[in-house]
Amino acid sequence: MSKFTDKTVIITGGGSGIGRAMSFLFAKNGANVHLVDLDVESANQVVEQINREGGIAQAHSCDVSDQDQVVALLNDFDRVDILINNAGISHIGRADNTSQSDFDRVYQVNVKGVYNMLYACLPIMKKQKGAVIINMASIAAHVGLTDRFAYSMSKGAIAAMTLSVARDYIDYNIRCNSISPARVRTPFVDGFIANNYAGQEEQMFKKLSDSQPIKRMAQPEEIAALALYLASEEASFITGTDYPIDGGFITLNN
Ligand code: NAD
């Protein structure tokens with residue numbers, strides 16, 4: 001696959017889980033990686049390891065849900081070759097027991113955070129006449145999952161924003177695709193099992209693993225490998241598409 005030398009890559013939520021694995025993989029392939037994270041300490045730890053291994057990376061403390069912070073951050077960039085909108089939060093609940101504040105919180109990070117990054121990056125991408133955007137959606141954008149009302153709302157919005165952006169900026173040579181994983185073993189999954197199923201962690205882990213026909217969760221590195229391909233020159237004919245990476249969850253669960 002083509003190298004990413006001299007490519008400026010922004011990865012939101014780069015300090016943990018899937019974003020962390022993407023940060024390592026893009027850096028290993030020569031990119032200049034910018035991790036944008038609310039938890040800058042975790043992002044800094046990733047950066048230190050990348051730098052120790054000879055890669056180029058920087059961490060930026062930023063809440064993607066705050067447009068002023070995002071715009072101020074992007075003021076310092078004159079190129080953005082690849083934007084990966086990966087930061088996201090989870091939520092468990094149904095329409096009649098999701099509080100207004102929880103619904104708003106999920107919307108602010110998972111939906112508005114993506115809009116804020118697009119809003120600030122697209123003018124730069126238009127000027128340079130070419131870029132790749134990858135948005136992290138989820139199987140929740142495609143199938144009805146139990147107890148995931150607000151989260152599904154946010155991931156459905158990602159799928160729709162991906163199509164809209166792919167359509168609007170195609171003449172600027174900007175490609176936009178989304179990735180829809182099923183369960184991936186990250187602190188995001190471990191955290192929600194711990195918070196929502198205290199005392200039944202092991203059973204829940206097995207239940208969630210078994211809900212994929214392939215009978216395991218994905219590793220973050222598997223999602224990162226798909227993102228690397230979608231960002232590469234080899235994927236230059238791919239835009240406006242969602243890529244499930246789900247161990248058969250969407251098509252084989254019968
Ligand atoms: P994670 O919790 O391990 O990491 C998320 C990162 O985002 C953290 O570093 C966190 O600090 C950062 N973040 C959260 N809110 C932020 C904000 N407002 N501003 C900036 N950074 C913020 O999560 P993960 O499992 O690696 O998930 C990454 C993405 O993949 C999310 O969008 C998630 O919805 C999606 N996804 C995950 C799974 C899964 O099973 N893990 C499945 C499908 C989709």
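The existence of a salt bridge linking Glu222 and Arg216 is confirmed by a sub-4.0 Å separation between a basic side-chain nitrogen and an acidic carboxylate oxygen. Taking a cutoff of 4.0 Å between a charged side-chain nitrogen and a carboxylate oxygen, Asp210 and Lys215 do not qualify as a salt bridge.
Without hydrogens or angle criteria, Gln200 side chain to Met204 main chain gives no donor-acceptor distance under 3.5 Å. In terms of modelled atom types and a separation under 3.5 Å, the side chain of Asp39 and the main chain of Ser42 share a donor-acceptor contact. The backbone N or O of Gly15 sits less than 3.5 Å from a side-chain atom of Asp37, completing a donor-acceptor pair. The backbone N or O of Asn116 lies less than 3.5 Å from no partner atom in the side chain of Gln67, so there is not a single donor-acceptor pair. Panel note: side chain Arg175, backbone Ala235; a donor-acceptor pair is recorded below 3.5 Å. A distance-only check finds a donor-acceptor pair linking the side chain of Lys155 to the backbone of Met136 [under 3.5 Å]. For the pair Gln212 (side chain) and Ile214 (backbone), a donor-acceptor distance under 3.5 Å is absent.
With sequence neighbours left out, Asp6 forms a salt bridge (charged side-chain N to carboxylate O under 4.0 Å, His left out) with no residue at all. Qualifying salt bridge (charged side-chain N to carboxylate O under 4.0 Å, His left out) partners for Asp104, counting only residues two or more places apart in sequence or in other chains: none.
Between Asp102 and Ser99 there is a side-chain heavy-atom pair separated by less than 4.5 Å. In this structure the side chain of Ser180 reaches within 4.5 angstrom of the side chain of His142, judged on heavy atoms. Here the side chains of Ile133 and Tyr169 are not in contact, with every heavy-atom distance at 4.5 Å or above. Side-chain contact between Ile84 and Ile10 is absent, with no heavy-atom pair separated by less than 4.5 Å. Using a 4.5 Å cut-off on side-chain heavy atoms (C-beta onward), Met153 and Phe103 make contact.
Leu74 is not connected to Ile134 by any chain of hydrophobic side-chain contacts under 4.5 Å among Ile, Leu, Val, Met, Phe, Trp and Tyr, and they are in different clusters. Both Val33 and Tyr229 belong to a single network of hydrophobic side chains, linked directly or stepwise wherever heavy atoms of I, L, V, M, F, W or Y lie under 4.5 Å apart.
Heavy-atom contacts from other residues, nucleotides or ligands closer than 6.0 Å to NZ of Lys112 number more than 12. Annotation: Phe77, atom CZ; neighbour count of heavy atoms from other residues, nucleotides and ligands within 6.0 Å is above 12.
In this structure, His34 and His60 have parallel ring planes: the angle between them is below the 30° cut-off, well short of the 60° mark.
Annotation for Asn51 and Ala57: closest pair OD1-N, 3.5 Å, computed over non-hydrogen atoms. Of all heavy-atom pairs spanning Asn44 and Ala59, the tightest one is OD1-CB, 3.4 Å. Of all heavy-atom pairs spanning Gly93 and Thr98, the tightest one is C-OG1, 3.7 Å. The two residues Ala120 and Ile124 make their nearest non-hydrogen contact at O-CD1, 3.8 Å. Scanning all heavy atoms of the two residues, the minimum distance from Asn29 to Leu25 falls at ND2-O, 2.9 Å. Residues Ile50 and Ser23 share a closest heavy-atom pair of CD1-O, 3.6 Å.
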Test log, rule side-chain contact (heavy atoms from CB on, under 4.5 Å), inputs Phe24 and Gln49: CA-CA 9 Å; Phe24 282 122; Gln49 195 176 330; 3.7 Å; yes
Step-by-step side-chain contact (heavy atoms from CB on, under 4.5 Å) determination, Leu122 to Tyr172: CA-CA 10 Å; Leu122 277 163; Tyr172 291 95; over 6 Å; no
Test log, rule side-chain contact (heavy atoms from CB on, under 4.5 Å), inputs Asn135 and Cys176: CA-CA 8 Å; Asn135 297 322; Cys176 183; 3.7 Å; yes
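If you take CE on Met117 and CG on Leu83, they are separated by 5.0 Å, rounding to the nearest 0.5 Å. Of the inter-residue distances, the one linking Ser90 atom OG with Phe188 atom CZ reads 4.5 Å to the nearest 0.5 angstrom. Ser138 contributes atom OG, which lies 9.0 Å from atom CZ of Arg148 (distance to the nearest 0.5 angstrom). Between Ser211 atom OG and Arg183 atom CZ the span is 4.5 Å, to the nearest 0.5 Å. In this structure, OG in Ser232 is found 12.0 Å from NZ in Lys3, a value given to the nearest 0.5 Å. Atom CD of Gln128 and atom CG of Asn173 lie 10.0 Å apart (nearest 0.5 Å).
Taking the six-membered ring for Trp and the full ring otherwise, Tyr107 and His91 have centroids separated by 6.0 Å or more.
Only one option out of Leu35, Ile56, Val40 pairs with Val47 in a side chain to side chain contact (heavy atoms under 4.5 Å, CB included); it is Leu35. A side chain to side chain contact (heavy atoms under 4.5 Å, CB included) with Ile179 is found for one member of Thr241, Ile158, Ile245, Ile18 and no other, namely Ile245. Only one option out of Val36, Ile11, Val64, Val114 pairs with Asn85 in a side chain to side chain contact (heavy atoms under 4.5 Å, CB included); it is Val114.
Pairs passing the ring-ring contact (aromatic ring centres under 6.0 Å, His included) check and including a residue from residues 230-254, sequence neighbours excluded, do not occur.
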